[in-house]
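Below is one structure, written out as structure tokens; comments come after it.
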Protein chains: 2
Amino acid sequence: MSGVRSKGDQAETAADTGGDRRLRADAKRSIDALMQAAREVFASSGVDATVREIAERAGVGMGTLYRHFPQRADLITAVLHSEMDACSDAAATLAAKHPPFEALAAWMQRYADLVGTKRGLAKALNSGDPVFEGLLTRFEERLRPAVRPLFAAAIVAGEIEPDTDADEILCAVSSLCMSAYDAKPEHARRMVALFIDGLRRPVKGSSSH
Amino acid sequence: MSGVRSKGDQAETAADTGGDRRLRADAKRSIDALMQAAREVFASSGVDATVREIAERAGVGMGTLYRHFPQRADLITAVLHSEMDACSDAAATLAAKHPPFEALAAWMQRYADLVGTKRGLAKALNSGDPVFEGLLTRFEERLRPAVRPLFAAAIVAGEIEPDTDADEILCAVSSLCMSAYDAKPEHARRMVALFIDGLRRPVKGSSSH
DNA sequence: ATTATATACGGAGCAATGTTCCGTTTAACA
DNA sequence: TGTTAAACGGAACATTGCTCCGTATATAAT
């Protein structure tokens, strides 16, 4: 009955500080290794993977793991946050490298992958543990602003219908993956591609077909 | 990694046999004690209660517990089934003892209690464990037929609107309790009472205000 | 009533897992 | 180079679901 665990405690939770708060070099190395290992292990074995497996894969001891992530759940949220950030950042990168529609389509695939992965995690997230509260909300809040420009650009370029609702698409894609990604990632990706392609509008002048 | 656990296995799961399959007297006593204890413990400590706590409260050893309920989950489902049955049976009992509308209202309170309790359990149920699959469906399938007569009687007696949709009401009441019951059972019960009372139609002849 | 035996009981013990403790190592800085 | 606070590793602890097996007993045939 260790019931008395207040929401935030104080124990740092490593990766949330931004990562550069006067960390000793070896500490940073450990944290990076742990998060990478966790990402991989969660992806392959699901969220029920044991802390030992993660520590071993990261090549660190239990003490090190718990020094940076006082609770198992902290590792999970840290990984999620990091993947959310990566996915958000990808929007800008893709927008810079590709034509509007291609950027949008590519980002949607990335989003699909994220949701698919997250779904693997989500099971444990929804387990009622208050540690995870607000994660999903933040999930949406962080991503939504990141995509908007992609849609805007595609609309301005006249490549998709002007009244396309970004939120609606996001929602559709995520629910598309939610159910299907686990069993057949390939299938899910194809569905998403198909779906996104359906948004496309023939650029003026070139009559396809 | 005992991953290979097929759906039904064969291990009896005690209470599902109806309870009278040539059980030795002490066995029946143990099963009853265990289910009662589980009911109480789940109600007070939630579904995360340990098997030890249940065994102790029931006054039996671990071996006995596992003899009748090969898995922890079996105890949970057994308790749920039993409570579903009790709630269903209550419909007929109440119908026999009270005027149509009162019977309906009383049963709804009972249903509210069940859902409230079940919600405490539901958290674990939704944890993805396939052992629990179909429990919720059976939940609805068992209850729905039980209520229908209550509504029918109340309609025939002219005490509620004839076009009242039983399923809709059931659904409304359960969602009413889902969210509120945990924190304030009293509040939930009052809400349900209010809601059900809203169905009432003045009996012909007596103009109430 | 006695006895035989299939059935049930109890609880110590096992294995897995999250978490803590503490002696040892090392990066950082004077 | 020496000092020291920070970080490391991993054995050990606590909890939990579950198993094993020696003991007790309800049941029924004699």
Side-chain angles (χ1 to χ4, degrees), chain A residues 1-5 9 11-15 17 19-34 37-38 41-42 45-77 124 127 129 131-132, chain B residues 1-5 9 11-15 17 19-34 37-38 41-42 45-77 124 127 129 131-132:
Chain A
M1 307 299 165
S2 68
V4 272
R5 172 169 297 290
D9 262 346
E12 278 302 334
T13 318
T17 69
D20 48 20
R21 190 181 171 179
R22 285 293 185 162
L23 274 178
R24 240 173 64 171
D26 51 357
K28 172 163 170 42
R29 225 179 303 135
S30 292
I31 291 174
D32 290 348
L34 277 169
V41 170
F42 285 159
S45 309
V47 267
D48 292 335
T50 69
V51 283
R52 280 178 177 76
E53 185 180 350
I54 296 170
E56 187 176 9
R57 179 167 200 130
V60 308
M62 298 296 299
T64 302
L65 190 157
Y66 272 91
R67 159 167 283 263
H68 299 301
F69 303 93
Q71 293 185 68
R72 206 188 101 87
D74 293 325
L75 239 183
I76 297 181
T77 58
S127 67
D129 212 310
V131 195
F132 297 120
Chain B
M1 307 304 163
S2 69
V4 274
R5 172 169 294 292
D9 261 343
E12 278 300 336
T13 317
T17 70
D20 48 20
R21 189 181 172 179
R22 285 293 185 163
L23 273 178
R24 239 172 65 171
D26 50 358
K28 172 164 171 39
R29 225 179 304 135
S30 292
I31 291 174
D32 289 348
L34 277 169
V41 170
F42 285 158
S45 309
V47 266
D48 292 336
T50 69
V51 282
R52 281 178 175 77
E53 185 180 350
I54 296 169
E56 187 176 9
R57 180 166 199 131
V60 309
M62 297 295 301
T64 303
L65 189 157
Y66 274 91
R67 158 168 283 265
H68 300 300
F69 303 94
Q71 295 184 66
R72 206 188 100 89
D74 293 326
L75 240 182
I76 297 180
T77 58
S127 66
D129 213 310
V131 194
F132 297 121

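Letters A, B, ... mirror the listed sequences (proteins, then strands); counts begin at 1.
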Distance below 4.0 Å between [X] side-chain N/O and [N] OP1 or OP2:
X	N	result
A:Tyr66	C:dT20	no
A:Ser30	D:dC8	yes
B:Thr64	C:dG10	yes

For C:dG13, does the base pair up with any side-chain atom of B:Arg52 as donor and acceptor (N or O, under 3.5 Å, distance only)?
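Side chain to base: pair present.
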
Heavy-atom nearest pair, B:Leu34 first then B:Ala55, reads CD2-CA, 4.4 Å

Exercise: identify the closest heavy-atom pair between B:Ile76 and B:Val47:
CD1-CG1, 4.2 Å

Please report, rounded to the nearest Å, how far the [atom2] atom of [N] is from the [atom1] atom of [X].
X	N	atom1	atom2	result
B:Leu75	D:dG17	CG	P	11 Å
B:Leu65	D:dC20	CG	P	16 Å
A:Ile31	D:dG9	CD1	C1'	16 Å
B:Phe69	C:dA8	CZ	P	13 Å
B:Asp48	D:dT15	CG	P	16 Å
B:Ile54	D:dT16	CD1	C1'	12 Å

Under a 3.5 Å distance rule, please check whether A:Asp32 uses its side chain to pair with a backbone N or O of A:Arg29 as donor and acceptor.
no

Quick one: bend of the helix from C:dA1-D:dT30 to C:dA30-D:dT1 from 5 pairs per end, to 10°?
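End axes: 0° apart.
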
What pairs with B:Ala33 under side-chain contact (heavy atoms from CB on, under 4.5 Å), at least two apart in sequence or on another chain?
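If we apply the side-chain contact (heavy atoms from CB on, under 4.5 Å) test to B:Ala33, skipping adjacent residues, the hits are B:Ala58.
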
Of all residues at least two apart in sequence or in a different chain, which pass the side-chain contact (heavy atoms from CB on, under 4.5 Å) check with B:Ala38?
B:Phe42, B:Ile54, B:Leu75, B:Val79

Using 0.5 Å steps for rounding, measure from the [atom1] atom of [X] to the [atom2] atom of [Y].
X	Y	atom1	atom2	result
A:Ile31	A:His68	CD1	NE2	4.5 Å
B:Thr50	B:Glu56	OG1	CD	8.5 Å
A:Arg72	A:Asp48	CZ	CG	6.5 Å

With heavy atoms under 4.0 Å as the rule, sort B:Thr50 into base, sugar-phosphate or nothing.
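B:Thr50: backbone/sugar contact only, no base atoms under 4.0 Å.
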
Just to verify, what does B:Arg24 make a salt bridge (Lys or Arg N to Asp or Glu O under 4.0 Å) with, not counting sequence neighbours?
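If we apply the salt bridge (Lys or Arg N to Asp or Glu O under 4.0 Å) test to B:Arg24, skipping adjacent residues, the hits are B:Asp26.
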
Closest to the [X] side chain: [options]?
X	options	answer
B:Arg67	C:dG18, D:dC8, C:dT7	C:dT7
A:Ala27	D:dG9, D:dA7, C:dA12	D:dA7
B:His68	D:dT16, C:dG18, C:dC9	C:dC9

For a quick check, with a 4.0 angstrom heavy-atom cut-off, what is the B/S/- contact string for nucleotides 23-30 of chain D, read 5' to 3'?
--BSSS--

Map B:Ala49 and A:Met62 onto DNA chain D by nearest heavy atom, then report which one ends up closer to the 5' terminus.
A:Met62

What residues form a side-chain hydrogen bond (donor to acceptor under 3.5 Å, both in side chains) with A:Ser45, not counting sequence neighbours?
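Result, side-chain hydrogen bond (donor to acceptor under 3.5 Å, both in side chains) vs A:Ser45: A:Glu53.
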
